[in-house]
Amino acid sequence: MENNSLEKSITLEKRPSKASPMNAALTFAWRALLRIRYVPEQLFDVTVFPIIFLLMFTYLFGGAISGSTGEYLDFVLPGILVMTVAMITMYTGLDLNKDIEKGVFDRFRSLPIWQPSVLVGALLVDVVRYSLAATIMVTLGYILGFRAEAGFSGIVLAVLVILFFAFSLSWVWTMLGIVVRSEKALMAISMMLLFPLTFLSSVFVDPTTMPNWLQYFVDINPITFVVDASRGLIHGYDVSSELMIITYISVGLIAVFGTLTMYFFRNKN
Amino acid sequence: MEQSNKTYAVEADQLVKAFGKERAVDGISLKVPKGIVYGFLGPNGAGKTTMIRMLATLLKPTEGHAKVMGYDLAKEADDVRQSISLTGQFASVDEELSGRENLIFIGRLVGFTRKEAKSRADELLAAFNLQDAAKRQVKKYSGGMRRRIDIAASIVTSPELLFLDEPTTGLDPRSRNEVWDIVRALVKNGTTVFLTTQYLEEADQLADLIGVIDRGVLIAEGTSAELKSSIGVRSLIIEFEDEQDLSKAESIFEGMFTQPPEVDRDHLSISVTMKDQSKAAKAIGELANQQIAVKDFSMQQPSLDDVFLTITGKPAQEEGGEANGE
Ligand SMILES: Nc1ncnc2c1ncn2[C@@H]1O[C@H](COP(=O)(O)OP(=O)(O)O)[C@@H](O)[C@H]1O
Ligand SMILES: [Mg+2]
């Protein structure tokens with residue numbers, strides 16, 4: 001009965017020409033979107049996380065640091081935006097780590113495709129997730145009384161810079177997601193890196209209030225540059241030197257960790 | 001570079017894969033002619049998956065070389081990937097997606113347009129009897145359906161060489177037969193199939209050439225018949241009219257053969273194995289001398305179980321119990 005259609009389905013003369021890298025990456029992005037449709041809880045980290053962060057830090061520190069939560073919100077929102085998105089990039093690694101243990105990655109790796117497309121596709125969707133987090137935070141910020149001096153365009157520019165940095169930072173997590181075997185260990189390592197990076201920066205307070213030795217670290221922390229640039233773009237002051245440095249850092253992250261990620265991806269046991 | 005060798009799908013030369021100190025594959029050389037089913041037979045932990053993953057460009061060999069469809073594994077990995085497909089031992093499609101979405105997804109990756117990918121997906125779903133489950137998430141499929149979608153995903157573009165890693169482990173007999181039919185149809189249409197199995201019967205049924213692997217070493221190779229005759233063991237099976245005769249025959253044979261006879265009281269039959277076939281005639285003659293009535297008798301080819309026992313000195317473990325060779 002089915003044998004006839006079975007054999008017919010096998011004799012396939014035409015082999016299509018290889019998918020372009022772009023198409024392959026978009027196909028992997030499509031897969032990631034489908035997975036979100038089936039498991040919408042995956043969006044928990046980019047929706048609930050930002051809301052909690054924003055409310056918590058604004059009301060916890062606002063009175064103490066700036067005297068009023070309204071004033072503090074204008075100062076801290078760009079910072080928390082950067083911090084939250086940076087924190088969320090961690091899930092890129094955790095998701096990949098879980099995903100890669102499954103047999104389907106063997107299939108991906110044995111397909112004649114541009115190999116980085118597997119990860120680039122997933123990262124494209126992650127950038128969409130990061131934008132969702134940013135949108136939620138800015139909207140909530142406005143409801144709470146936040147105002148951007150440079151207006152809407154300033155916010156858009158700042159978010160673009162943050163997304164670009166987040167995309168670059170993600171390659172650190174993809175590399176760790178491939179190399180580190182257990183999810184628990186990966187979580188611990190990610191936290192260990194992210195906590196100092198985000199807290200020992202200009203996210204919450206002006207670094208000039210810190211002791212010298214701490215200022216030294218804060219001033220070279222990449223997160224500080226992204227926070228300062230975002231603040232500048234949102235409130236309308238010149239941050240071209242920060243933007244330059246962020247570009248160097250981001251391109252460097254992609255070059256180093258993108259290469260390492262692909263190396264470990266190809267040579268995974 | 002194309003014309004290096006037109007006749008072999010796989011040529012492996014002293015392949016080794018070491019994980020730390022453990023040599024999962026320990027110097028395997030083999031040649032798989034195009035157009036056949038090659039059965040890689042071995043117990044759990046023998047190194048079958050490791051071998052396949054090397055040949056499918058997923059693992060770098062620690063030592064040795066191999067050519068797959070004429071392309072060098074190390075230098076022409078992209079060309080190798082263009083000619084092969086892999087159906088892994090475990091989940092080889094995305095369990096979160098539906099069967100149809102998986103096939104469309106693979107179709108897009110191998111270069112079909114959206115429309116072509118969809119029609120190819122529907123064609124395969126029909127051919128593999130999966131239309132009704134097309135829109136269901138794969139994680140909700142039964143074991144047999146899973147295996148069919150796994151294989152369907154591997155032939156979205158028909159590969160020249162298909163690796164199937166334990167395609168029927170854990171399947172019920174009906175689903176297993178369906179997979180066998182698929183393998184036969186593939187080979188009939190010119191695909192070379194390299195399959196691994198723990199089941200002796202499966203290798204016997206499907207494979208034109210069998211390689212027996214144990215602890216990372218290829219310990220025997222040949223057709224099913226060759227393996228059996230190289231072992232030289234044959235079984236004589238005798239049926240009796242009643243229990244009394246059976247018991248008498250049992251005590252006679254205990255003295256005659258090195259291996260004790262196997263007695264099946266339900267079928268009133270006895271089976272003895274021997275290297276020297278002339279002993280069979282002697283055994284029957286002895287029964288006649290003792291006036292024991294023989295209802296029926298036959299000579300049987302040894303099973304691959306016998307083969308395994310003879311070569312390794314231990315039976316093939318059919319169950320997935322211990323994972324290590326040691
Ligand atoms: N990634 C790995 N790291 C360490 N050891 C491994 C790895 N993969 C397989 N092994 C070991 O190699 C041996 C052979 O495994 P495998 O090729 O999976 O056997 P089979 O597929 O025949 O059951 C086993 O002892 C297994 O534990
Ligand atoms: Mg295996």
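Treat the numbers as computed from the prediction; the structure is a model and nothing was measured. Proteins get letters first, then strands, A, B, ... in listed order; numbering begins at 1 in each.
In this structure, B/Ile104 CD1 and A/Arg31 CZ are separated by 15.0 Å, a value rounded to the nearest 0.5 Å. For the atom pair OG1 of B/Thr57 and CG of A/Leu111, the computed distance is 9.5 Å after rounding to the nearest 0.5 Å. A/Gln115 contributes atom CD, which lies 4.5 Å from atom CZ of B/Arg81 (distance to the nearest 0.5 angstrom).
Only the side chain of B/Phe19 comes within less than 4.5 Å of a heavy atom of chain A; its backbone N, CA, C and O stay farther away. Contact of A/Ser110 with chain B is made through backbone and side chain together, with heavy-atom distances under 4.5 Å. Interface residue B/Gln137: only side-chain heavy atoms are found under 4.5 Å from chain A. Both the backbone and the side chain of B/Ser98 come within less than 4.5 Å of a heavy atom of chain A. Neither the backbone nor the side chain of B/Ala152 comes within contact range of chain A; no heavy atom of the residue lies under 4.5 Å from a heavy atom of that chain. If you measure heavy-atom distances from A/Arg266 to chain B, the contacts under 4.5 Å come from the backbone alone. For B/Arg53, the part sitting under 4.5 Å from any heavy atom of chain A is the side chain, from C-beta outward, and nothing else. Heavy-atom distances place the side chain of A/Asn23, and not its backbone, under 4.5 Å from chain B. Only the side chain of A/Ile113 comes within less than 4.5 Å of a heavy atom of chain B; its backbone N, CA, C and O stay farther away. Neither the backbone nor the side chain of A/Phe105 comes within contact range of chain B, judged by heavy atoms closer than 4.5 Å. Using a 4.5 Å cut-off between heavy atoms, B/Thr113 makes no contact with chain A at all.
Ring geometry, B/Phe105 versus A/Phe28: the interplanar angle exceeds 60°, so the pair is classed perpendicular (tilted spans 30 to 60°).
Atom CE of A/Met56 sits in a crowded spot, with more than 12 heavy atoms from other residues, nucleotides or ligands closer than 6.0 Å. Surrounding OH of A/Tyr142 are more than 12 heavy atoms belonging to other residues, nucleotides or ligands, all under 6.0 Å away. Counting non-hydrogen atoms of other residues, nucleotides and ligands closer than 6.0 Å to OH of A/Tyr263 gives a total of 12 or fewer.
Nearest approach of B/Val93 to A/Arg107, heavy atoms of both residues: CG1-NH2, 4.3 Å.
Here B/Leu109 is the residue among B/Val80, B/Leu86, B/Leu109 with the most heavy-atom pairs under 4.5 Å with chain A. Of the listed residues (B/Gln89, B/Glu96, B/Arg108), the one with the most heavy-atom contacts under 4.5 Å to chain A is B/Glu96.
Looking only at side-chain heavy atoms (C-beta outward), A/Arg35 and B/Leu97 come within less than 4.5 Å of each other.
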* Using the salt bridge (Lys or Arg N to Asp or Glu O under 4.0 Å) rule, take A/Arg37 and B/Glu101 through it: C-alpha gap first, then chi angles, then the decisive distance, then the call. => CA-CA 13 Å; A/Arg37 204 190 69 200; B/Glu101 284 162 350; 3.3 Å; yes
